[in-house]
Amino acid sequence: MKEQGAWKVECLSRRQGGFLLHHGEFRRALRTFKHTLFGWHQPSFYGTMLDEAEEGRVSGIAVSPVMLLELAEEPISVRWAGIAWGDSFRIAASAAHIYAEVLRDGRYRPSFDLWKQGKRGWDLQLTMEERLALEALEQEGAALGDPGLARWFDDLMADAQTRRDDHPDVWRMIASVRPGIETLRLPERSAAWWEEADWLEAIGWVRDETPFRLMLRLDEPEEERAPWRLRVLLQDKQQPAVQLACAYIPEGRGYRAAAAEGQFPEAWQPYVDSRVHHETDKIIRLLPWLAPEEAGGGLKTLLTEAEAWRFLAEGSLVLTDAGILVAVPAWWQRARRLQTRLKAKLSGNGFTGTSYIGLEQMVQFDWKLAIGDSQFTEEQFRALLEEDRRLIYQDGQWVALNPEEAARIRRIMMKAERDGLSLGEVLELQLAAEREVLEEEDPLEREDAVRLELELNSYLQTFIDKLKHHDSIPLCEPPAGLRGELRSYQVQGFSWLAFMRRFGLGACLADDMGLGKTIQWIAYMLRIQEEEPEKVPSLLICPTSVMGNWQKELERFAPSLKVHLHYGLDRAKGEGFAAAVRQADVVITTYTLALKDREELRQIVWSSLCLDEAQNIKNPYAKQSVAIRKLQARHRIALTGTPIENHLTELWSIFDFLNPGYLGSLAHFRQTYILPIERTRDKEWMQLVQRLVQPFLLRRMKSDPDIQLNLPEKHEAKVYVPLTAEQASLYEQTLQDLFAPIERMEMLERRAHILAALTKLKQVCNHPAMLRKEGPAGWRPERSGKLVRLLEMLEELRSEGERCLIFTQYAETGRLLQAVLERELGERVPFLYGGVPKKERDRMVEQFQEESAAGAERASAFILSLKAGGTGLNLTAANHVFHYDRWWNPAVENQASDRAYRIGQTRNVQVHKLIALGTLEERIDDMIEQKLQLSEQVMSSGDKWITEMSTTELRELFALRSHWME
């Protein structure tokens with residue numbers, strides 16, 4: 001057996017701090033290296049607790065600065081284990097010996113220069129010999145790749161202080177040399193005036209022998225417009241309650257020559273003049289406007305109201321940061337935190353009986369101002385602004401009017417008086433009134449601390465209550481032309497659409513899949529036909545895959561409505577378009593044509609504009625979304641079962657279509673709502689967004705007790721299948737191809753590479769022939785664990801006379817399944833995907849739904865691509881749903897499953913989700929469950945997060961587990 005040579009230890013600094021010890025040999029185990037190197041180190045349990053890590057493309061053992069110091073100081077005890085020190089470690093060890101001597105002697109102090117730059121660090125008192133030695137080591141180390149000597153001591157001290165229990169010997173040594181270091185606290189903010197000696201004294205590094213402290217105290221006047229008095233006091237350090245007044249004796253010209261006078265204890269006398277002179281000089285340098293106008297020294301003792309405000313709001317903070325004691329009136333902290341509230345009392349309803357008023361309708365108002373409990377009329381407030389008042393005595397208490405707030409209030413009033421307040425702004429203010437409660441910042445720190453409050457009259461209050469509580473909206477009688485029965489919740493839904501139309505408010509009907517959004521919109525259209533004599537067509541935009549379904553449903557439930565299909569090569573274009581649709585009640589087109597034929601569609605102000613599967617405009621920047629938002633209509637409606645699929649920006653995009661401007665710009669919405677939600681995942685923030693959109697969104701779930709659908713049950717089950725040996729081998733090879741070049745890639749290239757690898761790994765889990773690009777001859781079932789199990793389950797359900805839907809996200813997988821199933825089952829298996837023409841799609845759906853079909857015409861399985869067949873279709877002839885490969889969005893998966901689980905289904909529905917054991921599919925499945933919970937709380941995230949993972953995290957996610965193979 002060939003013996004291994006000695007371990008050659010090298011040292012490398014890590015970007016995130018600390019060091020990486022490595023041996024530079026790929027084939028030798030890190031675990032053995034770790035225990036060999038730290039076999040003497042009891043605090044890490046002899047190396048057991050140390051982590052393995054990577055830095056660049058180098059793997060090694062992560063150690064802290066203190067641990068490296070300990071190792072460098074104690075290498076003899078491990079020489080017997082066959083340790084050899086590499087050049088980089090030798091350099092680090094040599095530096096460690098110098099730093100150890102500095103630590104033992106206490107030759108260091110906090111760095112004043114670094115602190116002024118907002119950093120933390122230490123200045124070392126090195127001998128000339130030590131300084132030259134360190135410089136030489138740094139130059140030698142730089143040639144080997146920077147072992148991190150320049151910042152080692154700073155990292156060492158931070159590590160020793162924050163992890164005292166892990167390094168007790170080092171910390172005891174530091175604390176014994178520098179006893180005060182444990183309580184040392186550096187101020188957070190830097191003051192430009194400080195000299196190093198003052199700073200070291202202020203932080204406690206150098207002891208101050210003065211028995212008193214200088215203090216400034218500001219006293220309010222007895223009468224409101226009288227001057228404010230600024231007093232200089234000396235406070236006993238041992239008895240803080242003892243505070244003695246200090247006066248000034250002018251000496252020569254200028255404040256710098258002032259001396260102190262007063263009755264002071266004898267022990268204070270040697271310090272008074274010098275200390276007061278020094279502190280006064282400091283104060284004047286910090287706040288030059290406190291110097292008296294006349295020569296003679298000292299500080300101003302009488303301040304105007306504006307100066308008193310400046311001292312309270314700004315000067316006191318500057319002085320406190322500089323270590324000078326300041327006492328302000330007891331009411332100031334309360335007064336500075338009182339939020340200034342501008343109140344607008346709304347008068348008149350402005351739109352009684354008016355149709356299509358929309359959110360832009362203006363309302364009238366009168367102004368009031370409130371600061372805490374103090375109320376000011378508009379006239380009083382304008383007078384305060386004219387006089388530039390800051391500190392006001394009102395109703396027996398002092399209140400503060402921040403001049404910046406006053407300027408903002410003036411701007412708000414001028415804008416509102418010029419532009420008016422719209423109904424949309426009124427709604428947003430009312431529904432978002434709780435937002436500032438969720439914001440943690442001090443009101444004075446926020447960019448806009450002024451809050452506009454509204455006092456609603458009874459008419460507006462009733463109107464907004466109806467918007468907030470959908471069940472209070474009066475119900476409409478079902479239209480006479482409706483050929484069908486509406487359930488109670490459907491009556492409420494179409495009545496709500498009619499109510500929103502009356503006031504020109506866009507509406508999002510977001511009922512769960514299968515609850516009949518189609519018939520509710522058809523009833524709404526019939527009501528328009530009955531109540532509005534003016535014949536103006538409505539536009540319905542939908543996915544191509546459901547156009548036929550809409551035609552059939554309109555013929556079935558509303559034969560009186562004239563439908564025009566704007567689709568196909570012979571569709572009307574240019575000037576002929578308006579003539580072609582003039583006599584129609586409903587014009588149906590697709591999202592693709594809404595972009596291509598945008599000029600034709602813009603010719604008409606539509607009676608209503610409805611988007612079916614409105615999540616198709618979820619990308620607000622897409623040309624299709626922009627084109628649709630520019631269409632003109634009296635009323636806008638969105639139909640969707642998933643108003644949010646991945647991000648809150650999708651919700652914004654739908655609502656910007658429904659009620660343009662209601663949620664503000666996308667940048668405003670992202671800053672105000674999306675970022676706090678993504679930062680905190682706080683349910684209260686999510687609920688706030690819900691309150692904003694709730695008046696314009698009606699969503700009912702199948703599980704709601706009021707729905708009473710009497711649907712059969714739906715059961716979901718996960719079917720775990722092993723990989724075949726061929727699949728496992730391909731999976732491992734794909735992983736090697738993924739990780740081999742990944743560290744050398746730029747960010748964009750890395751993301752594309754990871755997403756491509758993801759697709760390949762999914763293909764391997766589906767069938768090896770997909771990755772190998774083989775034709776039908778290679779599509780044998782036994783090569784794929786999933787396909788074998790699918791065929792077994794299909795045989796079982798066929799024997800029971802049941803039928804199924806099979807969803808896949810890849811058209812290639814669908815073609816493979818179609819060929820294999822037709823060959824193995826001996827029957828026709830339809831496959832619906834994006835490339836199937838509309839007429840063929842309609843024929844497929846109709847034929848599958850036709851229960852009387854027999855023999856070869858009666859398919860027991862229907863394959864659908866998730867994108868083309870996951871929405872809008874009614875396929876209740878099936879009572880089994882298979883998800884052959886998982887889509888990592890639970891809302892989209894549920895939509896697909898609901899093609900079978902909807903009104904008209906009479907049998908229990910079983911959903912089967914196939915998961916390849918030991919692969920990323922199993923790991924992702926756990927994350928899907930968490931994502932579903934977030935989606936139900938208004939928010940979820942897409943799958944691009946995988947590309948942001950570190951290489952270590954990717955390895956953990958993708959790695960093939962031990963139970964992968966049959």
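- With sequence neighbours excluded, no residue satisfies salt bridge (Lys or Arg N to Asp or Glu O under 4.0 Å) with E135.
- Not counting sequence neighbours, the partners of E379 by the side-chain contact (heavy atoms from CB on, under 4.5 Å) test are T377.
- Partners of W331 by ring-ring contact (aromatic ring centres under 6.0 Å, His included), not counting sequence neighbours, listed by chain and number: W398.
- Evaluation of the side chain to side chain donor-acceptor pair (under 3.5 Å) rule for D105 yields R107 as partners, not counting sequence neighbours.
- In this structure, S316 has no side chain to side chain donor-acceptor pair (under 3.5 Å) partners at least two apart in sequence or on a different chain.
- Across every non-hydrogen atom of M157 and W122, the tightest pair is CB-NE1, 3.4 Å.
- In plain terms, the two heavy atoms of W652 and L666 that are nearest each other are CZ2-N, 3.4 Å.
- Partners of R231 according to the side-chain contact (heavy atoms from CB on, under 4.5 Å) rule, which considers only residues two or more places apart in sequence or in another chain, are R217, D219, R229.
- Put simply, the side chain of Y662 reaches to within 4.5 Å of the side chain of L692, judged on heavy atoms.
- With rounding to the nearest 0.5 angstrom, the CD atom of Q243 is 9.0 Å from the CG atom of L325.
- With contacts defined as side-chain heavy-atom distances shorter than 4.5 Å, the pair I392/R389 qualifies.
- Two residues are said to be in side-chain contact when any heavy atoms from C-beta on lie closer than 4.5 Å; W228 and L391 meet this criterion.
- Rounding to the nearest 0.5 Å gives a distance of 8.0 Å between CG of L134 and CG of L124.
- A226 meets the side-chain contact (heavy atoms from CB on, under 4.5 Å) test with P221, E223; sequence neighbours excluded.
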Test T649 against F669 for side chain to side chain contact (heavy atoms under 4.5 Å, CB included), laying out the working first.
-> CA-CA 8 Å; T649 52; F669 187 71; 6.0 Å; no

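- Rounding to the nearest 0.5 Å gives a distance of 7.5 Å between CD of Q380 and CG of L384.
- Between K300 and E307, at least one side-chain N (NZ, or NE/NH1/NH2) sits under 4.0 Å from a carboxylate O, which counts as a salt bridge.
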Compile the donor-acceptor pairs under 3.5 Å between side chains in residues 308-315 and protein atoms, sequence neighbours left out, one pair per line.
none

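- Of all heavy-atom pairs spanning M215 and A327, the tightest one is SD-CB, 4.3 Å.
- With sequence neighbours left out, the salt bridge (Lys or Arg N to Asp or Glu O under 4.0 Å) criterion links E220 to no other residue.
- Side-chain contact check for L303 versus L290: some heavy-atom pair is nearer than 4.5 Å.
- Between I283 and L319 there is a side-chain heavy-atom pair separated by less than 4.5 Å.
- With a 4.5 Å cut-off on side-chain heavy atoms, V272 and F212 count as touching.
- Under the salt bridge (Lys or Arg N to Asp or Glu O under 4.0 Å) criterion, R131 pairs with no residue at all, not counting sequence neighbours.
- Ring geometry, F153 versus Y99: the interplanar angle falls from 30° to 60°, so the pair is classed tilted.
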Show your reasoning for whether side chain to side chain contact (heavy atoms under 4.5 Å, CB included) applies to R213 and E279.
-> CA-CA 9 Å; R213 303 182 185 87; E279 295 293 307; over 6 Å; no

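- When all heavy atoms of P110 and D123 are compared, the closest pair comes out as O-OD2, 4.1 Å.
- Contact between D388 and E305 at its shortest, heavy atoms only, is O-OE2, 4.5 Å.
- Looking at M67 and F19, their side chains never come closer than 4.5 Å, going by heavy atoms from C-beta outward.
- With hydrogens and angles ignored, the 3.5 Å screen pairs no side-chain donor or acceptor of Y393 with any backbone N or O of V399.
- Here the side chains of I324 and V318 are not in contact, with every heavy-atom distance at 4.5 Å or above.
- Here the side chain of Q269 pairs a donor or acceptor atom with the backbone of F264 at under 3.5 angstrom.
- Residue Q671 qualifies as open at atom CD: its count of foreign heavy atoms under 6.0 Å is 12 or below.
- At distances below 3.5 Å, at least one donor-acceptor pair connects side-chain atoms of K237 with backbone N or O atoms of T210.
- Counting all heavy atoms, side chain and backbone alike, G121 lies closest to D154 at CA-OD1, 3.5 Å.
- For D236, the side-chain contact (heavy atoms from CB on, under 4.5 Å) partners are Q238, Q239, V242, W268, not counting sequence neighbours.
- Remark: L216 CG to L299 CG distance equals 6.5 Å, nearest 0.5 Å.
- T127 meets the side chain to side chain donor-acceptor pair (under 3.5 Å) test with E130; sequence neighbours excluded.
- Side chain of Q235 to main chain of A241: no donor-acceptor pair is present (N/O by atom type, distance under 3.5 Å, no hydrogens or angles).
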